[in-house]
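Reminder, nothing fancy here: chain letters follow the sequence lines and each chain counts from 1. All values reported here derive from a predicted model rather than from experimental measurement.
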Amino acid sequence: MRLSRYFLPIIKETPSEAQIVSHRLMLRAGMIRQSSSGIYSWLPLGLKALKKVEAIVREEQNAAGAIEMLMPTIQSADLWKESGRYDDYGAEMLRITDRHQRDMLYGPTNEELITDIFRREVRSYKSLPLNMYHIQWKFRDEIRPRFGVMRGREFLMKDAYSFDVSKEEGVKSYNRMFVAYLRTFARMGLKAIPMRADTGPIGGDLSHEFIVLADTGESEVFFDKAFDGFDPMAEKAEFGADLQPIVDHWTSKYAATDEMHDPENCPADLNEGRGIEVGHIFFFGDKYSKALGASVQRSDGENTFVQMGSYGVGVSRLLGAIIEASHDENGIIWPESVAPFKVGLINMRVDDEACSTVCEDIYSQLEAAGVDVLYEDTNERAGGKFAKMDLIGLPWQLVVGPRGLKNGVVELKNRASGDRIEMTVEAAVAKLTA
RNA sequence: CGGGGAGUGGCGCAGCCUGGUAGCGCACCUGUUUUGGGAACAGGGGGUCGCAAGUUCGAAUCUUGUCUCCCCGACCA
C-alpha cells in the first residue's frame, strides 16, 4: 500500500477525551474514530489489525474443532422471553421495536439463538460433540463506556457454543476451548492467565476468565509467581487427546481476580497486578437447553437435555489489550502476528530519482513476495515520516535515502528493539521475505 | 443513575465575569526556499460560537430549557 493513496489520519496532539494509552494511540494512529459514546468506526489501519487478530482467533477455533457460522445482530425478543433472560438482562440490552411493534433486540450474546438452532435440527447423540462459533458484533448498553474499544458498547466478539451428551463430554469440550485460548492469546504476543471466575448472569459452575496483565487493567488480580515460567506454546496441543493434564497444569496454581480473591485462603507469596479480561469461558450444563427444550436421544434410548458451554473472546477489546501490553513513548509496538503491515518502507527523498527508483523496486519485490508493506512515498520531511512510523508501530522500518544509497546501503530498523542495521538492498529484501 | 466538567473552523484552546457582530496554535490550499528525527517565509480558504426559546437597539457572552460528549462511582467481553 502506498501511503500517498492510503487513508491514515494521524493526530499529533494527545486527544483530550482519551484517558488510557491504547485509546490515545488508536486515535492518534488513525485506527479508530468515535462515532458516538462507546461506538467506533474502524479506519483502514485499525481494521487491518482487527482482521489479523480475528484470523488468529479463527485459526485456533478451527484447530480445536469448532465450526464457524454466523448469527444475526438483531434478534427477536421471543427466544429471550422463553429463556427468561429478557427480564433478567436489564437495561444493558438494547431493545428495539420494529414497524409492526414486534419486540426486537440488538444481541448482547447468542445462547438463545444457537440453542434454538440446535433444538430444531439435532435429535441424536450421534451428532455430538458439536461446537459452533461465530465472530459477530454485539451490543451491550454499558452504563458508562470508556477506554475506547476496551469497553465500548458495540464490540466484536467471538463466541462459541459447545453441545455434549454428558457432563463428562462437556468438560472435554471445555478443555479444548481452554487450550485453544491459551494458544490464541500467546500467538498475539500476550501473556494471558486463566483465572477462576464468577459466572455472572450466564450461570454455571465451571468458568475461567483469561486475563492479560496490564497496568491499566480494569480489575485487580492475584496470581502465583509460577505463572512467570508458564509457556502455552511449549505444550503441544493435540486436540484429539486428553487435555485435562494441560488444564490441570494451568489451574493448579492460584490465580484470581479481586472479586474471587480470598486473602484467607491463598499462597502467601503472590504476584499482584492489574489485568484486562480478554476471554471468558463457561460450562453451564443444561441451563439453556432445559429452558429452551434442547435435548437429544442417548444410545440407551433415553432423552437428555444437552450439556452446553459458551466461550467468548473480546476480539475488538484485544486490540486495546495488545497495545496496552506493547507500546512505548513514541507509539504502538505491534507484535508481528497482528501488525497491520509487516514493514514500513520509508522513502527519505521522493524527489530524488535514484532513491525513488530503489524504493519502487523494493516495494514491488516485497509485494510480489506477499509481504504486507506500507510504502511511505509522501513528500513529508524525514522527521515526520519517522515519527509517524514509530507511532503506527509496524515491526520493521526500511529506510531508503540518498545518503545511504551513496554507499549502497539501506537501513533496517526494528521497532521493538530500536536496533538499526545498515545492509544492502538485497540483504534487506531477503531478510523481510524470509 | 448519583456527583463533577465541557460543547467556539478538522484538532487543541482563548474570548464569556464586565453584551457591540470572533481570535490564537496546529492542520489544510498556493508560491518560494528547504529536506536523515514532527522546517522557514509570504499569501489564502474555512466557524449563523451544540440546539431551542427568552431578555436586549444589539447575545459566543445574560436567563431558561434541551441534546451531546468527557471524568469519578455502582455494572460488564
For nucleotides [N] and [M], find the distance between their [atom1] atoms and express it as a whole number of Å.
N: B/U55; M: B/G9; atom1: C1'; result: 29 Å
N: B/A60; M: B/G47; atom1: P; result: 16 Å
N: B/C71; M: B/C28; atom1: C1'; result: 32 Å
N: B/A22; M: B/G46; atom1: P; result: 13 Å
N: B/G15; M: B/G23; atom1: C1'; result: 8 Å
N: B/C17; M: B/U34; atom1: C1'; result: 47 Å
N: B/A14; M: B/U8; atom1: P; result: 11 Å
N: B/U61; M: B/U21; atom1: P; result: 14 Å

Looking at every strand, decide which applies to [X] at a 4.0 Å heavy-atom threshold: base, sugar-phosphate, or nothing.
X: A/Arg28; answer: base
X: A/Pro15; answer: nothing
X: A/Val399; answer: base
X: A/Gly384; answer: base
X: A/Gly404; answer: base
X: A/Ile143; answer: base

Give the rounded distance in Å between these two atoms: [atom1] of [X] and [atom2] of [N].
X: A/Glu209; N: B/C76; atom1: CD; atom2: C1'; answer: 10 Å
X: A/Lys158; N: B/A77; atom1: NZ; atom2: P; answer: 14 Å
X: A/Arg420; N: B/G37; atom1: CZ; atom2: P; answer: 9 Å
X: A/Arg151; N: B/C70; atom1: CZ; atom2: P; answer: 13 Å
X: A/Leu345; N: B/G36; atom1: CG; atom2: C1'; answer: 15 Å
X: A/Glu54; N: B/A77; atom1: CD; atom2: P; answer: 20 Å
X: A/Asp141; N: B/C75; atom1: CG; atom2: C1'; answer: 12 Å
X: A/Leu27; N: B/C69; atom1: CG; atom2: P; answer: 15 Å

Counting heavy atoms from C-beta on, name the nucleotide in [options] closest to the side chain of [X].
X: A/Ser36; options: B/G36, B/C75, B/C69; answer: B/C69
X: A/Arg144; options: B/G37, B/A77, B/A74; answer: B/A74
X: A/Gln34; options: B/G37, B/C69, B/G36; answer: B/C69
X: A/Arg317; options: B/G36, B/C69, B/C76; answer: B/C76

Where is the tightest heavy-atom contact between A/Pro335 and A/Ile322, given as atom of each residue plus distance?
CD-CG2, 3.8 Å

Report all interatomic pairs (protein N or O, nucleotide N or O of nucleotides 31-35 of chain B) with separations under 3.5 Å.
unit_1, atom_1, unit_2, atom_2, d
B/U34, O2, A/Arg381, NH1, 2.7
B/U35, O4, A/Asp351, OD2, 3.1

So which nucleotide does [N] pair with, by the Watson-Crick or G-U wobble rule with both distances under 3.5 Å?
N: B/C24; result: B/G12
N: B/G46; result: none
N: B/G37; result: none
N: B/A52; result: B/U64
N: B/A59; result: none
N: B/C76; result: none

Using only heavy-atom distances, determine whether the side chains of A/Ser35 and A/Tyr40 contain a donor-acceptor pair under 3.5 Å.
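A/Ser35 vs A/Tyr40: no donor-acceptor pair found between side chains.
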
Between [Y] and [X], is there a salt bridge with N-O shorter than 4.0 Å?
X: A/Lys48; Y: A/Asp372; value: yes
X: A/Asp390; Y: A/Lys413; value: yes
X: A/Lys191; Y: A/Glu324; value: no
X: A/Glu380; Y: A/Lys385; value: no

Does [X] make a side-chain N or O approach to OP1 or OP2 of [N] shorter than 4.0 Å?
X: A/Lys12; N: B/A27; answer: yes
X: A/Ser37; N: B/C70; answer: yes
X: A/Gln19; N: B/C72; answer: no
X: A/Arg146; N: B/C69; answer: no

Which residue, A/Gly152 or A/Lys385, contacts RNA chain B at a nucleotide closer to its 5' end, judged by nearest heavy atom?
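So the residue in question is A/Lys385.
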
First encountered from the 5' end of RNA chain B, between A/Gln397 and A/Gly312
A/Gln397

Let me confirm one number: the CD-OH distance from A/Gln307 to A/Tyr288, rounded to the nearest 0.5 Å.
14.0 Å

At what distance, to the nearest 0.5 angstrom, does CG of A/Leu79 lie from CD of A/Glu111?
12.0 Å

Hey, do the aromatic rings of [X] and [Y] have their centres closer than 6.0 Å?
X: A/Phe230; Y: A/Trp250; answer: yes
X: A/His261; Y: A/Tyr254; answer: yes
X: A/Phe178; Y: A/Phe210; answer: yes

Short N/O separations, protein against nucleotides 40-43 of chain B, under 3.5 angstrom:
none

So, the side chain of A/Tyr181 versus the backbone of A/Gly312: is there a donor-acceptor pair under 3.5 Å, distance only?
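Yes, A/Tyr181 side chain to A/Gly312 backbone: donor-acceptor pair under 3.5 Å.
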
Indicate whether A/Phe155 forms a stack on B/A77; treat it as stacked only if centroid distance is below 5.5 angstrom and interplanar angle below 30 degrees.
yes

Residue A/Lys81 excluded, over 12 heavy atoms near NZ under 6.0 Å:
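Above 12, so yes.
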
